[in-house]
Participant: 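Attaching a single structure in structure tokens format; questions to follow.
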Amino acid sequence: MCGITGIVGKSNVNQALYDALTVLQHRGQDAAGIVTSHDGRLFLRKDNGLVRDVFQQRHMQRLVGHMGIGHVRYPTAGSSTSAEAQPFYVNSPYGITLAHNGNLTNVEQLAKEIYESDLRHVNTSSDSEVLLNVFAHELAVRGKLQPTEEDVFAAVSHVHSRCVGGYAVVAMITGYGIVGFRDPNGIRPVVFGQRHTDDGVEYMIASESVALDVLGFTLIRDLAPGEAVYITEEGQLYTHQCATSAKLKPCIFEHVYLARPDSIMDGVSVYKARLRMGEKLADKIRRERPEHDIDVVIPIPDTSRTAALELANHLGVKFREGFVKNRYIGRTFIMPGQAARKKSVRQKLNAIELEFRGKNVMLVDDSIVRGTTCKQIIQMAREAGAKNVYFCSAAPAVRYPNVYGIDMPSVHELIAHNRTTDQVAELIGADWLVYQDLPDLIEAVGGGKIKIEQFDCAVFDGKYVTGDIDEAYLERIEQSRNDLAKVKNQAVSAIIDLYNN
């Protein structure tokens, strides 16, 4: 879960890239980076931290050029050092910088190929740097002093043939243009658009359409699975399907949790999808407990608010805001270390006692991952005087790890793994727990203009759409994602950063 953007403009794009990254900040709060190009030279600034902290006025003044790309990253296993902030750079051929959202599932094989066959060196453990080197190699073997759009698309085609997993990419070829591309399954999102200025047409690529909206760009469309878009430095736009067998299988968790509600992904309004999630939950509650005694529906801010509102409307129950959120605390399910997560929940939310005292309360969240957050929130509701606390998840039970770019916990840290709904309810302290049914979620998200025949629902059903995930792979990511490994990697990264600074 990272955010990417790229702009080819008619004047300096530094401020526009900065603004785009602030809009995409929800996709990553761990690190940020921008690189621009001017007269064949690159200007780069990247570091750990929020966008507003990484870029000061002195940095922005140096980021000159009418073409550039940007990235926001969230912490993943073993990648909390600033050395892995993006964009990454290789000097050959041409000078290429790249930013990436997703995860390559065959990264170990690729890293070996890059060293033994492509004769390239990878300096970090990031699969984004591996992907960059694959793309750079495939462009280099074309042997052109000046690459054309055909050369760029041929290189992307070979990337698709070598790389497996979920990925959305923006890359800048110094002095020539910006390319964006998407994996053949379309797992991770990416869109592009344009805006007209007095000097001509400017183009933008971004993870979500909301970034285009805020900057005044008109959405052209989503990139299709396997497709690439190439925008030359002069502002010529080319698109091409670069995969031989592409089929749209987007990550359904984008609509549940990751994306902003004002985004449109693959023709589906995230906001309307979440409204439909609320409708489906209301229908399930009516089926299971037609004589329910819910007095009030309260969302756990912010992602669940839309579904909770529609749930309350369809049940004919009061909707109330019962928690006040501190908006300067990061998302908790990706925070390393259980102690840090427990502390941050209390810092993030505070209950309004008036809305809980003496009532049967239905709390609504977008999903339940570790269960740490919802357990504490349920306890807060009881402390505020709730008579009974029910809990509703807009998503089905998360039972399996994500391998396509969402750094969820190890499988044994997922509270629903190998547990029934009643067992999870007991663990989190809920009097009643309701999960969304997977067919209902698919129907809720698939109700847009574009017919989506299949979603990546692996975190719910364990079916990985790339078809290459086995027990050995899951065991490897288990070792890297458990809390002990994260704490160890965090300590090592802190020492590295201290040494570098």
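Here, residue 1 is the first one in the sequence, and each next residue gets the next number. Computed from a predicted model, the values in this text were never measured in an experiment.
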Participant: Check the orientation of F460 and F253. Use parallel for under 30°, tilted for 30 to 60°, and perpendicular for over 60°.
Facilitator: tilted
Participant: Are any of the side-chain nitrogens in D456 or K249 under 4.0 Å away from the carboxylate oxygens of its partner?
Facilitator: no
Participant: Which residues pass the ring pair (Phe, Tyr, Trp, His ring centres under 6.0 Å) test with F455, sequence neighbours left out?
Facilitator: none
Participant: Do you know the tightest heavy-atom contact between C163 and L104?
Facilitator: CB-CD2, 4.1 Å
Participant: Assess the residue pair F192 and Y203 against the criterion (ring pair (Phe, Tyr, Trp, His ring centres under 6.0 Å)); give the C-alpha distance rounded to whole Å, side-chain angles, the decisive distance to 0.1 Å, and a yes or no.
Facilitator: CA-CA 7 Å; F192 66 103; Y203 292 97; 8.0 Å; no
Participant: With sequence neighbours left out, which residue pairs that include part of residues 161-187 fulfil the salt bridge (charged side-chain N to carboxylate O under 4.0 Å, His left out) condition?
Facilitator: E113-R162, D118-R162, E138-R162, R182-D266
Participant: With a 4.0 Å cut-off, would you call R120 and E129 a salt bridge?
Facilitator: no
Participant: Is any side-chain N of the basic residue among D437 and K280 closer than 4.0 Å to the acidic one's carboxylate O?
Facilitator: no
Participant: Anything under 30° is parallel, anything over 60° is perpendicular, the rest tilted; go ahead and classify F43 against H38.
Facilitator: tilted
Participant: Between E310 and R274, does at least one N-O distance fall below 4.0 Å, as a salt bridge requires?
Facilitator: no
Participant: Which one of Q241, H240, R221 satisfies the side-chain hydrogen bond (donor to acceptor under 3.5 Å, both in side chains) criterion with E227?
Facilitator: R221
Participant: Is the closest side-chain donor-acceptor distance between H26 and Y257 under 3.5 Å?
Facilitator: no
Participant: Using 4.0 Å as the upper bound for N to carboxylate O, is an ion pair formed by D39 and R41?
Facilitator: no
Participant: Salt-bridged, E202 to K10, with N to O below 4.0 Å?
Facilitator: no
Participant: What do the steps show when you test K463 against C457 for side-chain contact (heavy atoms from CB on, under 4.5 Å), and what is the final call?
Facilitator: CA-CA 7 Å; K463 299 175 182 177; C457 304; over 6 Å; no
Participant: Determine whether the side chains of D151 and T148 contain a donor N or O and an acceptor N or O closer than 3.5 Å.
Facilitator: yes
Participant: Determine, for R305 against E321, whether the closest basic-nitrogen to carboxylate-oxygen distance falls under 4.0 angstrom.
Facilitator: yes
Participant: Between R188 and E254, does a salt bridge (charged side-chain N to carboxylate O under 4.0 Å, His left out) hold up when you go through it step by step?
Facilitator: CA-CA 8 Å; R188 300 265 70 89; E254 289 277 356; 3.2 Å; yes
Participant: Is the shortest side-chain N to carboxylate O distance from K46 to E84 below 4.0 Å?
Facilitator: no
